[in-house]
Amino acid sequence: MKRINGFELIWLIILGGYGYKIYDLIQSGDISLYMHPKMLIYLKISIIVLIILFLFQIKRVFSSQKDKNLRNLVLFLIPLVLMAGAKPDSLSARNVINKGVNLKDSSLIQSIPSNSIVILQEDNSTSNNGDEVPLESLKNKDTFMNTYNKVFDNTEECVGEKVTIIGFVLVDEELSQENNFLLCRLLMSCCAADAQVIGFQCQWEKSGELQMNQWVEITGEVYVKSYYNEDIQEEETIPVIKILELRETEEPEESYVYP
Amino acid sequence: MNSKLLTKIDKSVVLLFSVGFIYLFHRLLFDLMESFFNNDYIKGFTVIFISIILEALPFILIGILISSFIHIFISDGFIAKIIPNNKLIGLLCASAMGIIFPVCECAIVPIMRRLVSKGVPIDIAVTFMLAVPIVNPVVLVSTYYAFSGQIEFVLLRAILGMLGAILVGYIMGRINEGSVTLQEQYHSHGHSCSCEEHNNCNKTLAGKMTDMLNHATSELYDVGKYLIMGAFLATIMQIIIPREALLSLGGGKIVSIIVMMIMAFVLSLCSEADAFIARTFLGQFTNGSIVAFLILGPMIDIKNTLMLYSAFKPKFIIKLILSIFIVCFIFALMMNVIGI
């Protein structure tokens, strides 16, 4: 039997490992934690290329030994090990990103243009006692972006309108003094590395009961509030939602929103 | 006979013992790893780190395939024929390549170094590398969306990006005149199959395809190393940098530009998504600094720098980074002074 080239053998395993792991992430759906769905096609292309290189590599395992540093291969193993071992959830991304988000400054919560039809009409699924779970409210997870775009783009016109949205709670000391909290989602434009927190300021007398990162579904009315933004030294008006109803809910399957 | 039986028993005992040991060690290792992996910081780090790698990977693969294709199938002579003689036209064409070649900045590095090794002049190659990640339809459209239809930013990004690429390319061409920029192993010796991997020139299509794949896998190893290192550093930066602390630095005409340029370099964001991040600084940071972020990011960042290091000499890379920073700074300063 021919001698086995150790370096090429490990490279074979690495190629195979990455190909398999990416496939696994796509199959299990965990990939949405890392990437925007539009990138899926590119990842599938990567798997094909990796498979081709893998098959080609099999022959190279029997090639002659060359002066190649095995230690560098460890570098390639690090992401593989992390992908296999660590099982992050959407909270992990938030913990890391929260460090960079100033909760008090609503200018960091900014508007992204809507390029889809606004369907606020769906929101009349507000059940008055909140105990039943009408089927429509399951669709509401999709209305976060639409609502967000409409309210921030046409703030004045939306005053008085009722909205129903799902998001996670961010509690901030200064805001809770006025019984306010933030209802947010994570916006992903391309991949988790660029994810940002976006959301609304909400006003609710029972704000004190809320916990960080709790998922809630709220129904409320839009109104505007002005405050002085120290960083730009100007008065700003921002939309705020006055909560009419709030109930705890589970994290939606698609917890990221996309522009 | 007896001794043979004894050694057989010895061997099986050793085998059983070692298997048992490995198993126990394995369990222990996994238990240790469990607590390691369940750590919030590790999970958070993993999300960002892996997302940067997975995002870049498809484009790196495309880049090395194109680069290997160029190496095997396209000769130096062909390249020399299609490069325009007029310098200005050459640079202009190079800067517009992104319109037909909308590649991410990750894919462009392997292609660009291959072009240089094939004899493309430095100024054209650099302009090509810097312009393609900016002046391409995908990036400009996402910039348009990110800035809520404020077309000024899209135009500024496109025009200043193009100009910046041409300027830096020209500068790099002048200051590197006559010097060798590539590290040794990337020299091409005149004809297309000169690599040390094989000695005979394959003439058949099948042979050439084999060569191409050989190259591709070596290049993946070369570039991949630096991608992983770059992604690692970029992730650390993303986690450490507190955005709120930076907000107070946004007003100064000069300081804001420096801050944004460093951020663009250090965050290593994909050029499709960086517009959305840049948008969050609108209002707090001067417009000039935001445009600097938008043009410097796609041109150079930690990830790119490390990938360039796999082929180019350090002196070249340092000169490149300095030129890019200076040119972007001047553009942004002009904007802030004029008051755009």
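All chains are named by letter (A, B, ...) in the order of the sequence lines, taking the proteins before the strands, and each is independently numbered beginning at 1.
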Please check this pair: side chain of A/Thr147 against backbone of A/Thr143, looking for a donor-acceptor N/O pair closer than 3.5 Å.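 Yes, the answer is positive, given that a donor and an acceptor are paired below the 3.5 Å cut-off.
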Closer than 3.5 angstrom, by distance alone: can the side chain of B/Asn136 be matched with the main-chain N or O of B/Val132 as a donor-acceptor pair?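 The answer is yes, because a donor-acceptor pair under 3.5 Å joins these two groups.
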Could you look at [X] and say if it's the side chain, the backbone, both or neither that has a heavy atom under 4.5 Å from chain B?
| X | value |
| --- | --- |
| A/Phe56 | side chain |
| A/Ile14 | neither |
| A/Phe54 | neither |
| A/Leu82 | both |
| A/Lys21 | neither |
| A/Ile47 | neither |

Select one option (side chain, backbone, both, neither) describing which atoms of [X] are under 4.5 Å from chain A's heavy atoms.
| X | result |
| --- | --- |
| B/Phe59 | side chain |
| B/Leu213 | both |
| B/Leu269 | side chain |

Heavy-atom closest contact (B/Met307 atom, B/Cys106 atom, distance):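 Shortest heavy-atom contact: CE-CA, 3.9 Å.
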How long is the gap from [atom1] on [X] to [atom2] on [Y], to the nearest 0.5 Å?
| X | Y | atom1 | atom2 | value |
| --- | --- | --- | --- | --- |
| B/Leu61 | A/Ile52 | CG | CD1 | 10.0 Å |
| A/Glu8 | A/Leu73 | CD | CG | 9.0 Å |
| A/Gln214 | A/Leu170 | CD | CG | 11.5 Å |
| B/Asp222 | B/Leu227 | CG | CG | 12.5 Å |

Do A/Tyr18 and A/Tyr23 come close enough that some side-chain heavy atom pair is under 4.5 Å?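 A side-chain contact is absent here, since even the closest heavy-atom pair is not under 4.5 Å.
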B/Leu220, B/Leu65, B/Ile42, B/Ile52: which one forms the most heavy-atom pairs within less than 4.5 Å of chain A?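 The option with the most such pairs is B/Leu220.
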Name the option with the most non-hydrogen atom pairs under 4.5 Å to chain A; the candidates are B/Ile53, B/Leu54, B/Leu57, B/Asp274.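 It is B/Leu54.
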